[in-house]
2 protein chains.
Amino acid sequence: MVTIHEVARAAGVAPSTVSYVISGKRSISPKTKRLVEESIRRLGYHPHAGARALASSRTSVLALVVPLRTDLNVAVVMQFVASVVKAARDHDHDVLLLTKDEGPAALQRVASSALADALIVMDVESDDPRVPMLLALDRPVVLIGAPDSPSGLPCVDLDFTAAGAVCVGHLADLGHRSIALVGPSPAVYRRGTSYAARFLRGFTDAARARRVKAVPRSCQHSYDAVSSGLDELFARHPDVTGLVVHNEAVLPAVLSDLRHRGRRVPEDVSVVAVCPDSMAENHPVALTTVAIPAEEVGALAVEMTVRSLGGHTSAETRLLAPRLTVRGSTTHV
Amino acid sequence: MVTIHEVARAAGVAPSTVSYVISGKRSISPKTKRLVEESIRRLGYHPHAGARALASSRTSVLALVVPLRTDLNVAVVMQFVASVVKAARDHDHDVLLLTKDEGPAALQRVASSALADALIVMDVESDDPRVPMLLALDRPVVLIGAPDSPSGLPCVDLDFTAAGAVCVGHLADLGHRSIALVGPSPAVYRRGTSYAARFLRGFTDAARARRVKAVPRSCQHSYDAVSSGLDELFARHPDVTGLVVHNEAVLPAVLSDLRHRGRRVPEDVSVVAVCPDSMAENHPVALTTVAIPAEEVGALAVEMTVRSLGGHTSAETRLLAPRLTVRGSTTHV
DNA sequence: ATCGTTCGTCGAATCGGTTCGATGAAATCC
DNA sequence: GGATTTCATCGAACCGATTCGACGAACGAT
């Protein structure tokens with residue numbers, strides 16, 4: 001292993017000087033700087049992460065806690081993970097991946113064993129047992145997704161309330177008078193993951209304001225559930241011409257089933273999907289969407305985390321404004 | 001921060017004794033053992049990861065390198081990640097997540113800064129620039145997925161050659177005489193990710209052996225590509241009654257399009273999918289599949305890695321036997 | 001009773017960095 | 001030109017664990 005001492009000897013300076021060259025915390029003459037950098041490169045020196053963490057109380061590692069139930073959301077979660085990792089690297093940090101399953105104890109463990117400098121936590125529920133734990137930790141924490149009561153923890157998320165309103169607004173603008181919502185599965189509502197409730201509120205409030213009829217439905221992931229759900233929906237509300245799908249997992253099923261029952265998109269039914277933009281194109285008809293900006297949310301979460309590490313404390317909640325992209329799946333009645 | 005010294009003082013013993021209680025590397029009297037454990041619990045002591053790494057040259061961290069192109073594979077990749085994290089925790093290790101984008105340099109960095117004890121690398125291509133790097137590292141490496149030339153690196157993967165044969169065998173057994181393969185996108189073949197080629201070989205070899213007609217196709221992810229691909233397929237080969245889909249991403253599109261063109265599954269076309277079992281159910285008809293055993297592969301990769309860390313060196317390639325589960329999407333002609 | 005083991009514990013060295021105070025040389029001031 | 005400040009570098013303490021050799025006490029054998 002190449003140590004700082006070897007670099008120092010090769011460059012003919014003291015180890016501390018090498019350290020200062022690397023960190024830039026003291027001024028170094030151009031000449032020695034060149035010498036040291038040259039030696040570093042030549043020897044392929046990389047500081048020992050453990051030693052560095054020990055001495056400086058900084059690991060340059062962010063812990064990311066994700067929900068890894070393999071059945072749900074997966075693609076979207078993956079996008080968040082990807083963007084967090086990328087953003088972290090841009091800030092010279094690495095990412096330690098933890099799963100929600102491990103519960104509060106894992107947070108405790110990672111924080112107090114100094115495995116990571118800070119935590120980014122996804123999918124926090126109302127009454128999440130991890131919240132008190134997170135508050136007790138002496139490390140910066142940023143939540144992705146805004147729980148009902150963030151208790152002073154900083155959050156980043158899409159403004160789902162506004163998103164719900166935007167979906168309704170778009171369809172109402174096109175003349176639709178009766179709009180259904182295909183929402184997340186009942187389990188999501190039950191778990192108290194707040195984005196579902198917030199979206200629903202935005203949806204219904206906007207519908208009331210625009211004087212259009214709102215028909216909210218929650219929806220399991222199975223094809224049969226989708227199919228029978230749509231059966232019932234159109235039986236009970238034959239006037240529905242607009243569909244808002246806030247559930248990426250059932251999108252293919254919904255579209256396939258609509259087609260199967262002879263309802264053309266967008267001629268007979270207009271569909272707005274809430275999902276990452278990358279999922280909009282690979283369907284029989286390109287989908288009009290309100291984007292889930294995983295990229296931005298992840299990047300922003302990392303930025304806030306790093307800023308916290310820099311000593312700036314601000315427990316703000318940042319809700320990103322929804323962005324509607326009109327594609328082929330919506331049209332006027 | 002609670003240190004080992006504080007624990008020692010609280011228990012009235014020397015720090016080294018505490019260390020031995022934790023590691024179990026020397027015999028300790030039951031009395032002091034109880035005393036120390038009690039203090040540890042009471043103070044909420046967690047050893048400082050950096051200090052531990054420095055002193056013992058062990059981090060208890062595995063680096064996992066995944067392909068995070070957000071467009072591709074995502075769900076399957078996520079399953080691997082989930083299972084690796086879980087298995088790692090079962091072996092008392094954490095997981096540092098790296099992306100393929102960072103290239104060989106990241107591997108170098110992580111290894112030689114002692115951020116991780118070992119590397120698990122997914123999606124290694126033929127002529128992957130990372131292979132020479134991995135070989136040069138003095139740390140254990142396990143590949144998930146078998147590249148053409150693993151160059152002596154241990155691999156874990158589904159036996160895709162056998163999987164191709166199993167798919168053909170099943171359909172042939174049911175009396176199908178002309179079988180098409182909807183494979184991964186051309187880009188995958190081009191990149192030299194070997195599973196595509198291996199599956200194809202298994203598919204065509206088995207078809208020849210069983211004297212059935214084999215029609216291989218590669219397939220882009222867009223809906224239009226799927227649709228026009230099937231157009232062409234059925235135009236050129238109207239006798240095709242069996243379809244093997246080795247491309248999770250296009251599954252919904254294929255099924256939706258088949259239905260749209262009036263070909264019923266399984267009455268008119270039998271479909272075998274190669275995908276994780278969890279994806280089999282949420283379709284208009286439950287799919288007969290050859291499972292991609294992400295769970296097992298991940299667990300096995302971790303196990304091999306940990307065994308390597310224990311000093312056992314064995315550069316074996318473990319190819320898991322394919323498992324066919326018959327569901328509703330295949331039937332006799 | 002004496003010597004040699006075994007057992008349990010301790011103290012000190014070590015891992016590879018960071019950081020603070022000290023120091024000598026060069027630059028600046030009057 | 002002597003006093004003072006600035007600049008670049010060095011040496012040593014320290015971070016919190018692990019691990020090895022040493023050592024005293026208890027024990028068994030003779």
Side-chain angles (χ1 to χ4, degrees), chain A residues 1-37 39-40 43-61 92 109-117 138 309, chain B residues 1-37 39-40 43-61 92 109-117 138 309:
Chain A
M1 219 225 156
V2 184
T3 73
I4 201 172
H5 290 87
E6 305 178 34
V7 174
R9 201 155 40 76
V13 300
S16 52
T17 302
V18 176
S19 179
Y20 286 124
V21 168
I22 293 173
S23 68
K25 292 189 178 174
R26 284 198 182 174
S27 58
I28 297 287
S29 75
K31 186 177 51 132
T32 41
K33 188 171 175 203
R34 251 194 316 98
L35 235 73
V36 168
E37 281 168 346
S39 304
I40 288 179
L43 299 179
Y45 168 68
H46 292 264
H48 187 287
R52 176 172 261 188
L54 181 56
S56 68
S57 328
R58 273 303 178 88
T59 62
S60 291
V61 170
D92 259 307
R109 180 176 64 84
V110 167
S112 54
S113 70
L115 263 170
D117 294 332
D138 53 341
L309 285 172
Chain B
M1 219 222 155
V2 185
T3 72
I4 201 172
H5 290 85
E6 304 178 35
V7 173
R9 200 154 41 76
V13 301
S16 52
T17 302
V18 176
S19 178
Y20 286 123
V21 168
I22 294 174
S23 69
K25 291 189 178 172
R26 282 198 183 175
S27 58
I28 297 286
S29 75
K31 187 176 52 127
T32 42
K33 190 174 174 199
R34 253 193 315 98
L35 234 73
V36 168
E37 282 170 346
S39 305
I40 288 179
L43 299 179
Y45 168 68
H46 293 264
H48 188 288
R52 177 171 260 188
L54 181 55
S56 68
S57 325
R58 274 299 179 91
T59 62
S60 291
V61 169
D92 259 305
R109 180 177 63 84
V110 167
S112 55
S113 68
L115 263 170
D117 294 332
D138 53 343
L309 285 172

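Residue numbers start from 1 in every chain, and the chains themselves are labelled A, B, ... in the order their sequence lines are given, proteins ahead of strands. Side chains are part of it too, since the values below use all heavy atoms of this structure and drop only hydrogens, waters and symmetry mates.
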With heavy atoms under 4.0 Å as the rule, sort [X] into base, sugar-phosphate or nothing.
X: B:Val36; result: nothing
X: B:Ser19; result: base
X: B:Ser29; result: sugar-phosphate

Do [X] and [N] share a donor-acceptor pair, side chain to base, under 3.5 Å?
X: B:Tyr20; N: C:dC10; answer: no
X: B:Arg52; N: C:dG16; answer: no
X: B:Ser16; N: C:dG11; answer: yes

TODO: Take B:Val13 and B:Tyr20 through the side chain to side chain contact (heavy atoms under 4.5 Å, CB included) test and state the conclusion after the steps.
DONE: CA-CA 11 Å; B:Val13 301; B:Tyr20 286 123; over 6 Å; no

Task: Earlier contact from the 5' end, DNA chain D, for B:Ala51 and B:Arg26 - done: B:Ala51

For atom [atom1] of [X] and atom [atom2] of [N], their distance in whole Å:
X: B:Arg58; N: C:dC15; atom1: CZ; atom2: P; result: 18 Å
X: A:Leu54; N: D:dT18; atom1: CG; atom2: P; result: 12 Å
X: A:Leu35; N: D:dA8; atom1: CG; atom2: C1'; result: 14 Å
X: A:Arg9; N: C:dG16; atom1: CZ; atom2: P; result: 13 Å

Ignoring hydrogens and angles, tell me if any N or O in the side chain of [X] forms a donor-acceptor pair with the backbone of [Y] under 3.5 Å.
X: A:Arg58; Y: A:Leu309; value: yes
X: B:Ser19; Y: B:Pro15; value: no
X: A:Asp117; Y: A:Thr59; value: yes

Open item on the list: As a test of reading the structure: which of C:dG11, C:dG17, D:dG16 is closest to the side chain of B:His48, going by heavy atoms?
Closed with: D:dG16

Open item on the list: Please pick, from C:dG16, C:dC15, C:dG8, the nucleotide with the shortest atom-to-atom distance to any side-chain atom of B:Thr32.
Closed with: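 Among the listed nucleotides, the one closest to the side chain of B:Thr32 is C:dG8.
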
